[in-house]
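Just follow the structure's listing: the first ligand is 1, and inside any ligand the first atom is 1.
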Amino acid sequence: MKPRIFSGMQPTGELHIGNYLGALRGWVEIQHDYEPIFCIVDLHAITVRQDPKQLRENCERVAALYLAAGIDPDRCAVFVQSQIPAHVELAWIFTCTVPFGWLNRMTQFKSKMQQAGSSRDSIGTGLFVYPALMAADILLYQARFVPVGDDQSQHIELTRNIAHRFNNLYGKTFRVPSTKLPTVGARIMGLDDPTKKMSKSSTGPNHAIRLLDPPGRVKKLIGRAVTDSQPGVNWGAPGPGVANLLTVFQAFSGWSDRRMESHFAGMRYGTLKGQVTEMVNSKLAPIQQRYGELVADRPQLREVLRASAERVAPIAQRTLRRAKRRTGLYSV
Ligand code: TRP
């Protein structure tokens, strides 16, 4: 049996090349070696305010992008978190298992609080207990690996701790997942600020290349990308902006380091940007075309989500039943 992996993405904002090169493409590459479950986590999304219509629409759009990027729905489960109520039920049990102090140490909570400019009086409590829900997502399916970006590693560590704690308190119930997959994803930085990871929640107009951006916009964005004052590509010591453009090119092209060096060393930035633009556009075009076809056929898309949920729900149910029994929750 192939080892099971679980991962999730929030249906908020639009996926960009950082999401693609850092996670999604890696999922596509490893889907044949594992038993993958990919969840679109709408319950996580509502920890901050969402427009209801847009949230629902985004769930289907993200699913379409997964498939357009090459996720094979015959191999992988692709479903929306709220389709399977067991996530919420186990999350409550974990909310009662995890010490307050553990959640209080989560750095993402602190930074999101700051980002929202929110105070304790206006922020939803869900944002605080969110890691208990994430632990439930993963542990419900007894996942072996959780391929995520390094910004999530503290939550994975917490998930492991919750599993250990529950197992110690109530008897072995959950498989403790390993921290990381042995795959590599590229770390893509913001075009406007190459010292910060490209992010969906950064709102600057020149920050990210979205997977659905038309060629003209990609050209404009790369044209405006921050470089530095050197005359051309200083291969040994490129500035962070130039290094980022080279990373984008290499991640999309798959060129070796040697080939990259002999091609790009000393190249003027205008030429570099033109070539990066061409490479990005040539790789996005087929994804965009498939995406267009997928979103045009909603019944088919919904069927993928429905069938996936139907397939994995029994796994979640089995784990939940055991956890409820262990906890002493009543059922007849
Ligand atoms: N918290 C993750 C993020 O914001 C999304 C997520 C929710 C997730 N549940 C998960 C990722 C379970 C991996 C496994 O990116």
Side-chain angles (χ1 to χ4, degrees), residues 3-16 18-24 26-27 30 34-48 50 55 58-59 62-63 65-66 71 76-84 86-91 94-95 98 103 106-113 115-116 124 126-163 174-181 183 185 187-188 197-202 208 308 312 315-316 319:
R4 187 175 294 148
I5 56 178
F6 184 100
S7 196
M9 258 189 213
Q10 297 200 31
T12 52
E14 286 189 64
L15 298 193
H16 50 63
N19 301 127
Y20 177 68
L21 297 171
L24 186 50
W27 298 354
I30 61 171
Y34 295 91
E35 182 199 336
I37 302 178
F38 298 126
C39 187
I40 298 162
V41 293
D42 58 346
L43 295 166
H44 279 90
I46 61 166
T47 54
V48 297
Q50 301 292 336
L55 178 61
N58 263 343
C59 286
V62 170
L65 262 180
Y66 281 11
I71 295 289
C76 309
V78 178
F79 73 100
V80 181
Q81 193 179 24
S82 61
Q83 286 179 283
I84 300 184
H87 288 253
V88 182
E89 297 185 63
L90 187 61
F94 286 165
T95 302
V98 60
L103 293 179
M106 294 296 111
T107 54
Q108 191 182 57
F109 171 70
K110 290 177 198 162
S111 65
K112 280 206 174 173
M113 277 262 285
Q115 213 175 15
L127 196 62
F128 185 69
V129 297
Y130 155 131
L133 176 60
M134 180 160 163
D137 298 340
I138 296 164
L139 299 179
L140 269 179
Y141 300 94
Q142 312 282 357
R144 197 96 68 89
F145 299 104
V146 188
V148 283
D150 56 3
D151 58 319
Q152 291 298 317
S153 54
Q154 198 185 27
H155 291 155
I156 305 295
E157 202 47 53
L158 183 81
T159 299
R160 288 161 50 84
N161 290 338
I162 290 177
F174 299 106
R175 175 199 284 278
V176 181
S178 158
T179 35
K180 267 269 167 80
L181 258 192
T183 63
R187 188 177 159 87
I188 306 300
K197 191 174 165 187
M198 190 176 280
S199 123
K200 281 196 283 187
S201 40
S202 281
S308 289
V312 299
I315 308 172
T319 311

Mind listing the closest non-hydrogen atom pair of K200 and L15 along with its distance? NZ-CD2, 3.8 Å
Do the ring centers of F174 and F94 come within less than 6.0 Å of each other? yes
Looking only at heavy atoms, the pair that brings C39 and F6 closest together is CB-CZ, 3.4 Å
How close do I5 and A143 get, counting heavy atoms only, and between which atoms? C-CB, 4.4 Å
Tell me the closest heavy-atom pair linking T12 and A45, and the distance in Å. CG2-CB, 3.7 Å
So the side-chain hydrogen bond (donor to acceptor under 3.5 Å, both in side chains) pairs with at least one residue in residues 139-149 (sequence neighbours excluded) are H87-Y141
Contact residues of ligand 1 with a heavy-atom cut-off of under 4.0 Å? F6, S7, G8, Q10, V41, H44, Y130, M134, D137, I138, V146, V148, Q152
